[in-house]
Amino acid sequence: MQTFSNTGEDGLLGVKSVTQSLGRFHLEGLTGEFEGRNIDLVEDVIWLGRAQPGTPSASTHLLFDDSSVSRVHGALQWAADYDTYVLHHRSQTNPTFLNNQPVTKPCLLKPGDVLTFGRQSFRYNLKVPVETVVPSGELPAPVPVTEEQPAPPPIKRISLGGSTEQPTEDTTTSRPGPPAKVIAISTDVPELKVGFRHQGNTFTARSEKTVCLKFSPQFTQVRGPVNSDSNDELKVYEVPAPHSSELHFHLYVDGSRAVEAKQGEHSTSRRISPQDNVFLELPIKATTRIPLKETDIVTHQECHCWIVEDSDEAGDQQGRLPDLTEPFGYFEFKSGNWRGARIVVLSEEGTDFRLGPQAELCHYELPVTGSPTCRVTTQDGKAQVEVVDALEVNYLSINGELLFLGKSAPLRSGSDLFMGNLLLVWIQPAVQEELKKYKLRCDQNVISLNKEVVRIGTAAHCEVIIEDHGLPTVAGSLHYSPEGFTYHHNDSTTPAEVDGQTVDSLGKAPLQQTLKLNEQCTLTLTKE
């Protein structure tokens, strides 16, 4: 196994790369999802990994739907002087193997070599045998290595017909980069069929590569394809709608699909992925391609769209979309790449799923890092979170209080969950609607109640912050239930009065109207 130690500014070898001889090699799938299939190598640099369109590190050329493969696992770089590819290892968590030996430095490949990434393995071979022999010896001295590994270089998307198009920027990632693409695979490409329901009627749109649903108030009926004689790869269908916009569905040569909001207003465009009692809702940001599974539903301007499988010619998936207007509760992502996404729990009973690194929900991996893995359950109308797996560097806090491995805590509506660097909020719509009816008044201040449990004190983490009244950091907390409010006192130095009743430290009492924390501070609960 011939290795080389230095890399250039792009994280790859500083070797000559020309394209005249490209396309002579392929990867023969031995195990994994490409078993028995040949993958033609036609690019100067081919990035290998698990990244998907619309997720971090989404510039991978060859995609694997396998958790044992890293998002950007490795790369193949064409070395023209040696008439072969060089294998690079890029993952910090999962190894790369060449002929059952771990790869730690760039390695020159020769026909017959076996490459392994997680559970995926391939044989590197010539498409047509030739007399070319890979020479031995070291490569010329490359450009000195830099400390920081850069992002993969920009790439062009290869269409089914061989034409190229410039990709749009992936706005969900923390660094700029194009959407993913899949290199040519020697297999039959299925037809793209998109079902959609408009005003109670179901339609099916078809294309070799891209279906464009064009929405406009100028259209009076669904019509299409309107460009059937011009382009077989792009089919346009006209759909009446309140606003002008376009929704594109794309088919890749490996059979995977993606959706993209191209033009117009898309504030209500969402991908909805079901799993038992849970739905995953992800906003579709403009000009960003996000992946689609066969069970996904896309909502856009009161129109529901889905992928039609060959076995389901009717294509009517409308019955799978439940009423999402009154769910039991949901987690909303308040930070990170999925800001605005929701994990919706439909019913108050029988929910059991995991949140955390490498946890999958609705067949998608959640973008959670640096946190423990948690189990979320619902029973008897209550939600609970439990830490089931954690490293020493992982942490989870609920409203600022740490939750450790093996411990559980109830989820109250409005609770903030800090999972590593990610913030989620648990919301129960029925509870929030009731809380809107109540206010706390202190002196001239009117305070809204937006959480099922609010802490009262002088500390910054309190939901009700009282200044200049001689109170401790947390004087107590106010708890809501369908039966009303209960005040829990926490101040060991001064008792509180709840509607005239004295409450000592760690005591509690129902609150109807007046809460007196000391001689300087009285709060009044009012209902509008």
Does some side-chain heavy atom of [Y] sit less than 4.5 Å from a side-chain heavy atom of [X]?
{"X": "Thr524", "Y": "Gln513", "value": "yes"}
{"X": "Leu440", "Y": "Leu449", "value": "yes"}
{"X": "Val259", "Y": "Ile290", "value": "yes"}
{"X": "Phe331", "Y": "Val385", "value": "no"}
{"X": "Asn94", "Y": "Val69", "value": "no"}
{"X": "Ile456", "Y": "Ile466", "value": "yes"}
{"X": "Leu87", "Y": "Val103", "value": "yes"}
{"X": "Thr514", "Y": "Glu497", "value": "no"}

*By side chain to side chain contact (heavy atoms under 4.5 Å, CB included), which residues pair with Ser448, not counting sequence neighbours?*
Lys439
[X] (side chain) donor-acceptor with [Y] (main chain) under 3.5 angstrom:
{"X": "Tyr364", "Y": "Lys293", "result": "yes"}
{"X": "Gln275", "Y": "Cys362", "result": "yes"}
{"X": "Tyr395", "Y": "Ser371", "result": "no"}
{"X": "Glu463", "Y": "Arg455", "result": "yes"}
{"X": "Gln432", "Y": "Asn450", "result": "yes"}
{"X": "Glu349", "Y": "Gly381", "result": "yes"}
{"X": "Arg257", "Y": "Leu251", "result": "no"}
{"X": "Gln301", "Y": "His243", "result": "yes"}
{"X": "Asp296", "Y": "Arg271", "result": "no"}
{"X": "Glu365", "Y": "Ala359", "result": "no"}

[atom1]/[X] to [atom2]/[Y] distance, rounded to the nearest 0.5 angstrom?
{"X": "Lys334", "Y": "Leu424", "atom1": "NZ", "atom2": "CG", "result": "10.0 Å"}
{"X": "Leu48", "Y": "Ser70", "atom1": "CG", "atom2": "OG", "result": "11.5 Å"}
{"X": "Thr351", "Y": "Phe353", "atom1": "OG1", "atom2": "CZ", "result": "7.0 Å"}
{"X": "Leu422", "Y": "Leu396", "atom1": "CG", "atom2": "CG", "result": "11.0 Å"}
{"X": "Glu281", "Y": "Ile284", "atom1": "CD", "atom2": "CD1", "result": "11.0 Å"}
{"X": "Thr493", "Y": "Leu471", "atom1": "OG1", "atom2": "CG", "result": "9.0 Å"}

_Once side chain to side chain donor-acceptor pair (under 3.5 Å) is applied, do any residues pair with Asn490, and if so which ones, sequence neighbours excluded?_
none
Examine the side chains of [X] and [Y] and answer whether a donor and an acceptor come within less than 3.5 Å of each other.
{"X": "Thr295", "Y": "His363", "answer": "no"}
{"X": "His88", "Y": "Gln77", "answer": "yes"}
{"X": "Glu483", "Y": "Ser481", "answer": "yes"}
{"X": "Ser505", "Y": "Ser492", "answer": "no"}
{"X": "Thr377", "Y": "Asp352", "answer": "no"}

Looking at every non-hydrogen atom in both residues, tell me the closest pair between [X] and [Y] and how far apart they are.
{"X": "Gly370", "Y": "Pro357", "result": "N-CG, 4.4 Å"}
{"X": "Phe328", "Y": "Trp426", "result": "CE2-CZ2, 3.9 Å"}
{"X": "Leu366", "Y": "Arg354", "result": "CD1-O, 4.2 Å"}
{"X": "Cys212", "Y": "His248", "result": "SG-NE2, 3.3 Å"}
{"X": "Arg289", "Y": "Glu260", "result": "NE-OE1, 2.9 Å"}
{"X": "Pro372", "Y": "Ala390", "result": "CB-CB, 3.4 Å"}

*Could I get the full list of salt bridge (charged side-chain N to carboxylate O under 4.0 Å, His left out) partners for Glu528, not counting sequence neighbours?*
none
*Among all residues two or more places apart in sequence or in another chain, which pass the salt bridge (charged side-chain N to carboxylate O under 4.0 Å, His left out) test with Lys527?*
none
*Is it the case that more than 12 heavy atoms not belonging to Glu302 sit under 6.0 Å from its CD atom?*
no
*Any chance you could lay out the side chain to side chain contact (heavy atoms under 4.5 Å, CB included) test for Val298 and Ser269, step after step, and finish with the verdict?*
CA-CA 7 Å; Val298 175; Ser269 301; 5.8 Å; no
*Set of ring-ring contact (aromatic ring centres under 6.0 Å, His included) partners for Phe117, sequence neighbours left out*: His73
*For residues 482-528, pull every pair meeting ring-ring contact (aromatic ring centres under 6.0 Å, His included), keeping only residues two or more places apart or in separate chains.*
Tyr438-Phe485, His479-His488, Tyr480-Phe485, Tyr487-His489
*When you look at Leu192 and Ile307, which way does the side chain to side chain contact (heavy atoms under 4.5 Å, CB included) test go after all the steps?*
CA-CA 8 Å; Leu192 175 62; Ile307 297 297; 4.2 Å; yes
*Go through the steps for Lys451 and Asp416 under the test salt bridge (Lys or Arg N to Asp or Glu O under 4.0 Å), then give the verdict.*
CA-CA 10 Å; Lys451 290 187 176 183; Asp416 296 325; 3.0 Å; yes
*Hey, what's the ring geometry for Phe64 with Phe34, parallel, tilted or perpendicular (30° and 60° as the breaks)?*
perpendicular
*Derivation of the side chain to side chain contact (heavy atoms under 4.5 Å, CB included) call for Leu115 and Leu98*: CA-CA 5 Å; Leu115 290 63; Leu98 176 60; 4.0 Å; yes
*Check the pair Arg375 / Val387 against side chain to side chain contact (heavy atoms under 4.5 Å, CB included), numbers first and verdict last.*
CA-CA 6 Å; Arg375 179 188 180 196; Val387 179; over 6 Å; no
